[in-house]
2 protein chains.
Amino acid sequence: MSREFRRAMPLLPISMVMQLTDLTARQIRYYEEHELIVPARSEGNRRMFSLDDIDALLEIRELLDQGINMAGIKKVFAMRTKDYVTNTDIVRMSDTELRAILREEMQQAQRMQKTSLRQGDLSRFFQF
Amino acid sequence: MSREFRRAMPLLPISMVMQLTDLTARQIRYYEEHELIVPARSEGNRRMFSLDDIDALLEIRELLDQGINMAGIKKVFAMRTKDYVTNTDIVRMSDTELRAILREEMQQAQRMQKTSLRQGDLSRFFQF
DNA sequence: ATTCATATGTTAGTTTTTATAACATTGAAT
DNA sequence: ATTCAATGTTATAAAAACTAACATATGAAT
């Protein structure tokens, strides 16, 4: 279980994210609207945020504080790309895309764990 | 910001804990009743769990699977002690006590951060 | 100065989640 | 058969979060 993977795990409700980032719910949702973050959703449609999301939001706040507007922030985020390794390829993609994919995988893993992986100690999963 | 400190930070709602530990809400609350965990509370009285809590719960599940009853688990938890360093002393206490204290400090830190530590990047705080 | 767009605030109404508390069930030990 | 421990279930209330709409402030452009 990679560190990147762990950081992509959707865990926190919006209230916690508000506290940790000092952003309002309105702001957080607005940034999602602009696809700067793509929080996961619970079954009941509640946003669940990962540590990656927290990072992104903190950076957004930082950039806003520097007087950069949304368009600028989008650009910054789009520019910074990372590599994602599939079975057959190494794909270069934006932070946001990468986060979304990792989160997808993470949720898959959670669903797995929910049913089959009964005996496993998650502290191995979760050793921050 | 110590790792221990980070692990004591109350972040997750009970729904996430249920998924991660494969325990029911009933069980989790019952273990709290028996003070095997002491989750923090939000302003609105919702339980907020730390990674330490997750660990504890996973261990409880483990011990239950091994046929150990609550009394036994309490004993196990009480026996395993750790050191907590205050200004003037090194205090030896149970896991549960230690977790409660660290969580207390953590919430204090959160309150601080909420008001004063405006500019700080929490990813330094949170580098799992 | 007016207009316009952006970023955020605010409010209303609804749904989901969580809380407590009480009562029910199950299995093991006496 | 009774008792107790652990957990299930249900009812009810409160809190948190959702969407959507409208309001407002600020700065840029005309």
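All values below come from the heavy atoms of this structure, side chains included, with hydrogens, waters and symmetry mates left out. Just so it is clear: chains get the letters A, B, ... in the order the sequence lines come, proteins before strands, and each one is counted from 1.
- Pairing each heavy atom of P10(B) with each of M48(B), the nearest pair is CB-O, 3.6 Å.
- Closest of all the heavy-atom pairs between L20(A) and M9(B) is CD2-CE, 3.9 Å.
- End-to-end axis angle for the helix from dA1(C)-dT30(D) to dT30(C)-dA1(D), using five pairs per end and rounding to 10°, comes out at 10°.
- With 3.5 Å as the limit, one finds a donor-acceptor pair spanning the side chains of S50(A) and R103(A).
- Between the OH atom of Y30(B) and the P atom of dA19(C) there is a distance of 18 Å, given to the nearest Å.
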- Going through the distances and angles, do R41(B) and E32(B) end up as a salt bridge (Lys or Arg N to Asp or Glu O under 4.0 Å)? CA-CA 12 Å; R41(B) 295 294 182 125; E32(B) 179 189 19; 3.4 Å; yes

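- Panel note: side chain R61(A), backbone T21(A); a donor-acceptor pair is recorded below 3.5 Å.
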- Query: Could you write nucleotides 8-30 of chain D as a row of B, S and -, 5' to 3', where a protein heavy atom under 4.0 Å of any base atom gives B, of only sugar-phosphate atoms gives S, and otherwise -?
  - Reply: BB----BBBBBB-----------

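- Atom-to-atom, CZ of R61(A) to C1' of dT8(C) comes out at 16 Å; the value is rounded to the nearest Å.
- Taking atom NE2 on H34(A) and atom P on dA5(C), their separation rounds to 14 Å, with Å as the unit.
- Atom OH of Y31(B) is separated from atom C1' of dT7(D) by 8 Å (rounded to the nearest Å).
- In this structure, I28(A) atom CD1 and dA7(C) atom P are separated by 16 Å, rounded to whole Å.
- In this structure, R80(A) forms a cation-pi arrangement with F77(A), its terminal cationic atom sitting closer than 6.0 Å to the ring centre and no more than 45° off the ring axis.
- When the ring-ring contact (aromatic ring centres under 6.0 Å, His included) test is applied to Y84(A), no partner is found at least two apart in sequence or on another chain.
- For T24(B), the side-chain contact (heavy atoms from CB on, under 4.5 Å) partners at least two apart in sequence or on another chain are R26(B), Q27(B).
- Contacts of residues 66-74 of chain A with DNA chain C (heavy atom under 4.0 Å): N69(A), M70(A).
- Note that CD1 of I60(B) and CG of D65(B) are 12.0 Å apart. Values are rounded to the nearest 0.5 Å.
- Between D55(A) and R7(A), at least one side-chain nitrogen of the basic residue sits less than 4.0 Å from a carboxylate oxygen of the acidic one, meeting the salt-bridge criterion.
- Under a 4.5 Å side-chain heavy-atom criterion applied to ILVMFWY residues, the cluster that includes I90(B) comprises V85(B) as well.
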